[in-house]
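The structure appears below as C-alpha cells.
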Amino acid sequence: AGDAIYNSATPVDQNLNVTPKELTVTANADNKEYDGTYNATITGTLNGVVGADVVTFNGIGGFETLDAGTGINVFSISTLGGANAANYYLTQPTGLTANITPKDLSVIGAVANNKVYDGTTAATINGATLIGVVGLDDVTVVGTGTFASKNVANGIEVTATLTLAGANAANYTLLTQPTGLTANITPKA
C-alpha cells in the first residue's frame with residue numbers, strides 16, 4: 001500500500017558523436033633523380049592505429065623546387081587508405097627534406113673535325129646529340145677535344161672534353177665522353 005511504482009524502461013534519447021582518431025606518421029622523403037617535376041614520394045609508418053584496423057599510409061608530396069639539389073624541403077599531402085581509414089585522420093608530417101640528383105645524359109653523334117696544322121693539339125667536336133633530356137629543358141652539349149699528336153697525319157685519335165650548357169644544365173651530368181674519335185691534321189699551305 002502506498003508503494004511507488006518505478007519504471008526503469010523509460011526511453012532516453014541521446015546523440016553520441018564519434019570523432020575520427022588522429023594518426024601521426026614517422027616519415028621520410030625519398031631522394032630522386034631529376035625528372036622535371038615537383039613530385040615527391042614519402043615513406044612512413046603510422047602511429048596510433050587501433051588493434052587490427054586496416055589503415056595504410058599513402059605518402060605523396062612535393063619538393064619546394066624541381067631543380068637538382070640537396071636538402072630540399074618536401075611538403076606532405078599524404079592520405080590514408082584501407083578498410084578502416086574513415087575512422088582516422090592524418091596529421092601531415094613536417095620537416096621533411098630530400099635530394100634531387102642530376103640526371104645522367106648520354107651523347108651520340110659526336111664527330112672530331114679535321115684541321116689544318118697549327119702547332120697545337122686543340123680539336124673541335126660537333127654533331128653531338130644528348131639522349132635523355134627531360135621535356136623542353138634548355139641543355140646543350142659543347143666541347144672541345146685534344147689530338148693525340150700536333151703533327152700532320154690521318155686518323156689521329158681525339159680525346160673529347162664535352163660539357164653541358166644552357167639554363168637547365170645543372171640538373172644533368174654527362175654520363176660518359178664519346179670515344180673512338182679520330183680526325184686528320186693536314187699540312188699548312
Side-chain angles (χ1 to χ4, degrees), residues 12-110 125 127-144 159-180:
V12 175
D13 289 335
Q14 189 174 10
N15 292 327
L16 299 175
N17 293 325
V18 177
T19 59
K21 183 177 192 292
E22 174 186 15
L23 295 181
T24 60
V25 62
T26 304
N28 291 305
D30 295 345
N31 296 333
K32 74 171 187 175
E33 181 181 79
Y34 172 78
D35 64 3
T37 71
Y38 292 95
N39 299 340
T41 301
I42 299 171
T43 55
T45 304
L46 289 171
N47 304 311
V49 175
V50 175
D53 277 2
V54 178
V55 184
T56 58
F57 175 70
N58 304 318
I60 56 173
F63 280 91
E64 186 174 50
T65 179
L66 57 78
D67 293 322
T70 58
I72 303 167
N73 289 330
V74 175
F75 303 97
S76 176
I77 51 172
S78 301
T79 60
L80 296 174
N84 304 111
N87 296 326
Y88 299 91
Y89 72 93
L90 178 67
T91 297
Q92 295 292 334
T94 60
L96 302 175
T97 62
N99 304 331
I100 299 176
T101 58
K103 183 177 189 332
D104 290 334
L105 297 180
S106 299
V107 63
I108 60 169
I125 297 175
T129 301
L130 292 171
I131 304 299
V133 175
V134 174
L136 298 175
D137 275 3
D138 176 16
V139 60
T140 58
V141 63
V142 294
T144 59
T159 302
T161 311
L162 302 180
T163 58
L164 300 175
N168 303 114
N171 294 320
Y172 298 94
T173 57
L174 195 55
L175 186 58
T176 58
Q177 294 288 331
T179 58

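Looking at heavy atoms from C-beta onward, Leu66 lies out of side-chain contact with Thr37 at the 4.5 angstrom threshold. Considering only heavy atoms from C-beta on, Leu90 comes within 4.5 Å of Phe57 through its side chain. Counting heavy atoms from C-beta outward, Leu46 and Leu80 have side chains that approach closer than 4.5 Å. Put simply, the side chain of Ile42 does not reach to within 4.5 Å of the side chain of Val25, judged on heavy atoms. You'll find the side chain of Val49 reaches within 4.5 Å of the side chain of Leu23, heavy atoms only. Side-chain contact between Val139 and Val134: absent, with no pair of heavy atoms (C-beta onward) separated by less than 4.5 Å.
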**OP:** Please lay out, stage by stage, how Leu130 and Leu164 fare under the test side-chain contact (heavy atoms from CB on, under 4.5 Å).
**Re:** CA-CA 9 Å; Leu130 292 171; Leu164 300 175; 3.9 Å; yes
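Rounding to the nearest 0.5 Å places CG of Asp30 at 11.0 Å from CG of Asn99. The structure places OG1 of Thr24 at 4.0 Å from CG of Asn47, a figure rounded to the nearest 0.5 Å. Rounding to the nearest 0.5 Å places OG1 of Thr97 at 9.0 Å from CZ of Phe63. Leu105 CG to Thr129 OG1: the interatomic distance, rounded to the nearest 0.5 Å, is 12.0 Å. The distance from atom CG of Asn39 to atom CD1 of Ile60, rounded to the nearest 0.5 Å, is 8.5 Å. The line from CG of Asp67 to CG of Asn168 is 7.0 Å long, rounded to the nearest 0.5 Å.
Side-chain atoms of Tyr88 come within 3.5 Å of backbone atoms of Val50 as a donor-acceptor pair (strictly under, hydrogens ignored).
Closest heavy-atom contact between Glu33 and Ile100: C-CG2, 4.2 Å. A pairwise comparison of heavy atoms in Gly62 and Ala40 identifies N-CB, 3.9 Å as the closest pair. The two atoms that bring Leu162 and Ala128 nearest to each other are CD1-CB, 4.4 Å, heavy atoms only. The minimum heavy-atom distance linking Tyr38 with Lys32 is given by the pair C-NZ, 4.2 Å. Minimum interatomic distance between Ala110 and Ile125 (heavy atoms only, all atoms of both residues): CB-CG2, 4.0 Å. Here the closest heavy-atom approach between residue Asn171 and residue Ala68 is recorded as OD1-N, 2.7 Å.
For the residue pair Thr101/Asn31, the side-chain donor-acceptor check at 3.5 Å is not satisfied. At a cut-off of 3.5 Å, with distance as the only test, a side-chain donor of Asp104 or Thr173 sits close to an acceptor on the other residue. A side-chain N or O of Tyr172 and one of Asp137 form a donor-acceptor pair less than 3.5 Å apart.
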